[in-house]
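What follows is a short report on a single structure.
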Amino acid sequence: MRQSSSPSTASDTQTSSILSLNIAPAQVLRGTHAIAEAGEAIAKLGKRPLLVGGDRSLSVAQTTLEPVLKQHHLKLASASYAPDCSEASLGKLQEKVTHHQADFIIGIGGGKALDTAKLLAHTCELPIATIPTSGATCAAWTALSNVYSNEGAFLYDVPLAKCPDLLILDYSLIQTAPQRTLVAGIGDAIAKWYEASVSSGHSEQTLLIAAVQQARVLRDILLQKSVSALQEPGGETWREVVDATVLLAGVIGGIGGAQCRTVAAHAVHNGLTHVSASHGTLHGEKVAFGILVQLRLEEMLQGNQLAAAARQQLLKFYGDIGLPQTLNHLGLENVTLTELKRAAEVACNERSDIHRLPFHVVVEQLMAAMVSTTAPIGEAKIKA
């Protein structure tokens, strides 16, 4: 295990996260065609659901979910979260809740759709069911929502009062998503180890130890099974990888709390969302690139050879499954120095999770790491 000294604020953060721990959804239903069998569980949440999703997900819901709701005599209304999981979208959806007199929320879609639905349920104090349409994130599980601008730039996250009341993982629905989404989910999930181990690998607290060890298990599952899973969509190994990206990744954040959730990899993602040219790439693709950046920082600023070796291992793995290794792979081959500096400034702002690293990082150092993710092992150590 890569262990590092703790940031000075870690004990306060750990105490706070333990006191407000939200570990798991109240109920998880999973299986092939799970939606068709979920009507009774959904109906227990209320009578007048508001279904929140993107255009594609709402279209899918018409053929898969709506017949189940009608069978249980639920009065359904639907609403798009467009343009993003933003304050403006939340305001419009709150009006929709009032107009429909909704008594619970159903979120269906990818990470942003589910984050919006969860945040809506939180602010309206309503129950919520989440239905992921891909294996791209663990958003269906977690008690957290990320808020973006209408243009897709990350602004802040909101800890929620609880995890969803019901999570429905329907493998047949997940299988209809482009394979790229599951690849991105692998990138998002495998980050748990690299972030949790550096932020909490030193901890002697029981739940943090458990979270870090689960993150290691998650990494090993993904390294061992991802290639074969992607070769046989819908197969047993594929379902195990979907379980890893959607469910086990959520477990780790739930047990470990904020201290285990994100460090530099997600901070890099947040910064890159402020570069418009990156909006064509998925959340997990940017996070996966961010892992390489984090490892490069450890290598450059600490001379950490374990981090260097881990980076080389991931570069091969990324090549095998199609995750981005460089800014060019994120569509940022023409990024300007000004844009890159802006991304680094966002990633290094005073409230950023990058400061969970056990060493200080400044904008220029982060920029250097971002442009050298494929550098050979052994380049000169940079002074912090």
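Just so it is clear, the values below take in all heavy atoms, side chains as well, and ignore hydrogens, waters and symmetry mates.
Using modelled atom types, one side-chain atom of His329 and one backbone atom of Gln325 make a donor-acceptor pair closer than 3.5 Å. Between the side chain of Asp165 and the backbone N or O of Ala129 there is no donor-acceptor pair closer than 3.5 Å. Ser89 places a side-chain N or O within donor-acceptor distance of the main-chain N or O of Ala82, the cut-off being under 3.5 Å. Trp193 contributes no side-chain N or O that, together with a main-chain N or O of Val217, makes up a donor-acceptor pair within less than 3.5 Å. Proximity of a side-chain donor or acceptor of His279 to a complementary backbone N or O of Ala153 within less than 3.5 Å is not detected.
Residues in residues 34-46 take part in no side-chain hydrogen bond (donor to acceptor under 3.5 Å, both in side chains) pair, two or more places apart or across chains.
The aromatic rings of Phe154 and His269 lie perpendicular to each other, with more than 60° between the two planes, well past the 30° mark.
Heavy-atom minimum distance, Leu93 versus Ala79: CD2-CB, 3.5 Å. Between Cys163 and Pro25, the closest heavy-atom pair is CB-N, 3.6 Å. Closest approach of Ser372 to Arg311, counting heavy atoms only: O-NH1, 4.1 Å.
The side chain to side chain contact (heavy atoms under 4.5 Å, CB included) with Val227 is formed by just one residue from the set Leu222, Val241, Asp320; it is Asp320.
Taking a cutoff of 4.0 Å between a charged side-chain nitrogen and a carboxylate oxygen, Glu299 and Arg296 qualify as a salt bridge.
Placement of Ile354 and Leu340 within a single hydrophobic cluster is found when ILVMFWY residues are connected by side-chain heavy-atom separations under 4.5 Å, directly or transitively.
For the 3.5 Å distance criterion, the side chains of Lys286 and Thr281 qualify, holding a donor opposite an acceptor. In the model, Thr137 has no side-chain atom that pairs as donor or acceptor with a side-chain atom of Asp188 under 3.5 Å.
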Passes side-chain contact (heavy atoms from CB on, under 4.5 Å), Leu272 versus Met370? Steps please. CA-CA 10 Å; Leu272 289 173; Met370 291 169 72; 3.8 Å; yes
Checking side-chain contact (heavy atoms from CB on, under 4.5 Å) for the pair Thr142/Lys118: CA distance, chi angles, key distance, verdict? CA-CA 9 Å; Thr142 59; Lys118 291 186 300 181; 2.9 Å; yes
Donor-acceptor pairs are to be reported for all side-chain atoms of residues 332-339 against protein atoms at under 3.5 Å, with residues two or more places apart or in another chain.
residue: Thr336; atom: OG1; partner: Glu339; partner atom: N; Å: 3.1
residue: Thr336; atom: OG1; partner: Glu339; partner atom: OE1; Å: 3.3
residue: Glu339; atom: OE1; partner: Thr336; partner atom: N; Å: 3.0

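Other members of the hydrophobic cluster containing Leu76, listed by chain and number, are Leu29, Ile35, Ile42, Leu45, Leu51, Leu58, Val60, Leu65, Val68, Leu69, Leu74, Phe104, Ile106, Ile108, Ile131, Leu166, Ile168, Leu173; membership follows side-chain contacts under 4.5 Å among ILVMFWY residues, whether direct or relayed.
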